[in-house]
Amino acid sequence: MVDEVGEGVEGVEVGDGVFGEGVDTYAEFAVLSAWARMPEGLAFEEAAGYPSVLETALRIIREVGVGAGQTLLVSGASGGVGSAVLQIARARGITVIGTAGAANQDYLRGLGALATTYDEGWAERVRHLGRVDAALDLAGSGVIRELVELTGDPRKVVSIADLGAPQLGVRFSGVAGSVPDALAEAVDLISRGRLRIPVEMSYPLTEAAAAHTDSRAGHARGRRVLIV
């Protein structure tokens with residue numbers, strides 16, 4: 001909720017519901033550097049977890065160069081970024097294959113993905129699901145070599161989690177980009193019912209450290225958010 005509008009800022013008023021990004025946002029009051037009006041029906045708890053995962057999802061889809069009619073493989077697809085990638089890709093006419101733990105297979109299918117587990121033999125199971133034109137590594141679980149083999153080209157693989165990816169010619173993408181563009185597309189997709197990322201767990205602000213610890217443990221479905 002907007003409490004104060006800075007000098008020269010237009011298109012938003014005190015009392016408006018907005019979501020976005022800024023610095024030092026683990027706080028009751030924060031200054032946003034990028035924002036958008038919240039779509040109707042979106043709760044603040046849900047909105048809080050969208051900006052960073054959407055920026056990452058849109059950025060890496062663009063960087064990997066996949067388009068309508070092609071197939072994208074997403075390794076570690078059930079978390080916040082993966083959930084966004086699957087839905088954005090499907091909205092763009094891209095077929096998606098997602099890997100995740102056994103407990104998240106139905107979740108991936110519900111987002112429109114062809115799903116398989118990431119345990120032994122996963123690469124061969126992916127081959128049976130279809131040709132892979134591009135791949136994203138979201139979990140950093142040591143799968144870069146297999147992703148390159150599946151796509152046939154290291155330039156068609158992007159990782160956000162494996163710092164060793166460049167050693168195999170794969171791009172590592174870990175720098176935030178244009179958040180306003182991401183928010184605008186998010187509002188459109190959410191308003192049309194094409195995007196929803198569930199909140200798996202909410203934490204009070206005093207438990208921010210626990211939230212980060214749980215997130216690093218992996219196996220998440222959707223997002224974790226802090227409640228002020």
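The first residue in the sequence is number 1, and the count goes up from there.
Distance alone, capped at 3.5 Å, places no donor-acceptor pair between the Glu46 side chain and the Ile197 backbone. Proximity of a side-chain donor or acceptor of Glu21 to a complementary backbone N or O of Trp35 within less than 3.5 Å is not detected. No donor-acceptor pair closer than 3.5 Å links the side chain of Tyr118 to the backbone N or O of Ala102. Proximity of a side-chain donor or acceptor of Gln105 to a complementary backbone N or O of Ala100 within less than 3.5 Å is detected. A donor-acceptor pair is defined here as one N or O able to donate and one able to accept, closer than 3.5 Å; no such pair exists between the side chain of Asn104 and the backbone of Tyr107.
In the hydrophobic cluster analysis, where Ile, Leu, Val, Met, Phe, Trp and Tyr join through side-chain heavy atoms closer than 4.5 angstrom, Met1 is grouped together with Val187. Side-chain heavy atoms closer than 4.5 Å link hydrophobic residues (I, L, V, M, F, W, Y) into clusters, and following such links, even through other members, never connects Val31 to Met38. Transitive grouping of hydrophobic side chains (ILVMFWY, heavy atoms separated by less than 4.5 Å) brings Val5 and Leu32 into a common cluster. Tracing side-chain contacts under 4.5 Å through hydrophobic residues (I, L, V, M, F, W, Y), one reaches Val9 starting from Val18; they form part of the same cluster. Tracing side-chain contacts under 4.5 Å through hydrophobic residues (I, L, V, M, F, W, Y), one never reaches Val81 starting from Phe172; they form parts of separate clusters.
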(Q) Please determine whether salt bridge (charged side-chain N to carboxylate O under 4.0 Å, His left out) holds for the pair Glu149 and Arg145, giving the CA-CA distance in whole Å, both sets of side-chain angles, and the decisive distance to 0.1 Å. (A) CA-CA 6 Å; Glu149 291 174 354; Arg145 194 175 301 278; 5.9 Å; no
Q: Using the salt bridge (charged side-chain N to carboxylate O under 4.0 Å, His left out) rule, take Arg37 and Asp16 through it: C-alpha gap first, then chi angles, then the decisive distance, then the call.
A: CA-CA 7 Å; Arg37 290 181 181 273; Asp16 285 347; 3.0 Å; yes
Q. Do Asp119 and Arg125 pass the salt bridge (charged side-chain N to carboxylate O under 4.0 Å, His left out) test, and can you show the C-alpha distance, the side-chain angles, and the key distance before you say yes or no?
A. CA-CA 10 Å; Asp119 49 10; Arg125 290 195 297 276; 2.6 Å; yes
Q: Decide side-chain contact (heavy atoms from CB on, under 4.5 Å) for Leu72 and Val64; before the verdict, give the C-alpha distance in whole Å, the side-chain angles of both, and the deciding distance to 0.1 Å.
A: CA-CA 9 Å; Leu72 173 66; Val64 83; 4.2 Å; yes
Q.
Evaluate Tyr50 against Glu55 for side-chain contact (heavy atoms from CB on, under 4.5 Å), listing each step before the verdict.
A. CA-CA 9 Å; Tyr50 273 92; Glu55 185 281 322; over 6 Å; no
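A distance of 10.5 Å separates CD in Glu63 from CD1 in Ile160, rounded to the nearest 0.5 Å.
Nearest heavy atoms, Ala57 versus Ile88: CB-CD1, 4.1 Å. What you find for Arg109 and Ala115 is that their closest heavy atoms are CG-CB, 4.0 Å.
Shown here are the salt bridge (Lys or Arg N to Asp or Glu O under 4.0 Å) partners of Glu185, two or more places apart in sequence or in another chain: Arg92. Every residue was checked against the salt bridge (Lys or Arg N to Asp or Glu O under 4.0 Å) condition with Glu207, not counting sequence neighbours, and none meets it.
Think of Val126 as one node in a network of Ile, Leu, Val, Met, Phe, Trp and Tyr side chains linked at under 4.5 Å; its network also takes in Leu73, Ile97, Leu114, Trp122, Leu129, Val132, Val143, Ile144, Leu147, Val148, Leu150, Val157, Leu168, Val170.
Residues Thr71 and Arg131 are not in side-chain contact: their nearest non-hydrogen atoms beyond the backbone lie 4.5 Å or more apart. Between Leu136 and Ser159 there is no side-chain heavy-atom pair separated by less than 4.5 Å. Here the side chains of Val66 and Ile61 are in contact, with some heavy-atom distance below 4.5 Å. Between Ile190 and Leu42, some side-chain heavy-atom pair lies under the 4.5 Å cut-off.
The residue from Val158, Thr99, Asp162, Ile60 that alone fulfils the side-chain contact (heavy atoms from CB on, under 4.5 Å) condition with Leu138 is Ile60.
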